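Heads up: the structure comes next, in structure tokens.
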Amino acid sequence: MELVVAGNSVRALRTGRGLSQAQLAGAMGVSRQTINSIEVGRYTPSLALAVALARYFESTVEEVFDVKEP
Amino acid sequence: MSRSLRTRVYYWATPALSLLFGLAFLLAFMLGGHPVAGAIALVLMLVLAAASLVLGRYSETMRGLMDRRDERIVSLDQRAVNGAAMVLLLVLIGATIEEVARGRSGAPFTWLAAVFGLTYLATLVVLRLRA
């Protein structure tokens, strides 16, 4: 079964907590550019990073990332 | 090895290798009777090492390439290496064809292409067994 990430709520979750991209990047151990690329949908993170983001926001991967069948 | 130690080792690998290759160039040029050219090569490699350290402080991309922490930058690096390797392979094949057409053996391009192909196959087998 093929799945694609149609969107995500990383930006909304981040701004909702008053965090900058750099602060979230620091917490995740990635660059600010990577957080920006994820937010605008240019980069789909690995499973490990997706889970780390979901845990950081005390959420689930499915809630953070809109995963659909194409 | 912990992640922070691995990150530090990766970070210092680029300048350390630049220094090592610079010394190797110096030794090679000295053995070949061209010590001045060797000194220039060493200086160039030292400049490269210094530039990598300076850029690593100001550029997220450069830092990511050096410390390998950022999965997206590592992925970009791997794709760039794939592209460069593909171009190199095409050049090797083209050069081999030209050398053969000129009535020569095709060396050293045939050997380089063979090393490329065998390395690819060996890497593929190892990765296949591990994954």
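Every value quoted in this text rests on a predicted model; they were computed, and no experiment measured them. Below, read A as the first sequence line, B as the second, and so on, with proteins coming before strands; counting in each chain starts at 1.
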task = Look at the side-chain heavy atoms of Ile, Leu, Val, Met, Phe, Trp and Tyr, link any pair under 4.5 Å apart, and say whether B:M45 and B:L31 land in one connected group.
result = no
message = Side-chain heavy atoms nearer than 4.5 Å, only ILVMFWY residues, links allowed to pass through others: does that put B:Y11 and B:L55 together?
response = yes
Common cluster, B:M30/B:L44, ILVMFWY with side-chain heavy-atom separation under 4.5 Å = no
ask   = What residues of residues 70-92 of chain B sit under 4.5 Å from chain A when only non-hydrogen atoms are counted?
value = B:D70, B:E71, B:R72, B:I73
ask   = Are B:M66 and B:W12 joined in one hydrophobic group, where the rule is that I, L, V, M, F, W and Y side chains link up if heavy atoms are under 4.5 Å apart?
value = yes
Name the atoms and distances for all side-chain donor-acceptor pairs under 3.5 Å in residues 50-61 of chain A, with sequence neighbours left out.
from, atom 1, to, atom 2, distance (Å)
A:S59, OG, A:E63, OE1, 2.6
A:T60, OG1, A:E63, N, 3.2
A:T60, OG1, A:E63, OE1, 3.4

Same cluster (ILVMFWY, side-chain, under 4.5 Å), A:L47 and A:L3 = yes
query = Can any side-chain N or O of A:Q33 pair as donor or acceptor with the backbone N or O of B:E60 at less than 3.5 Å?
reply = no
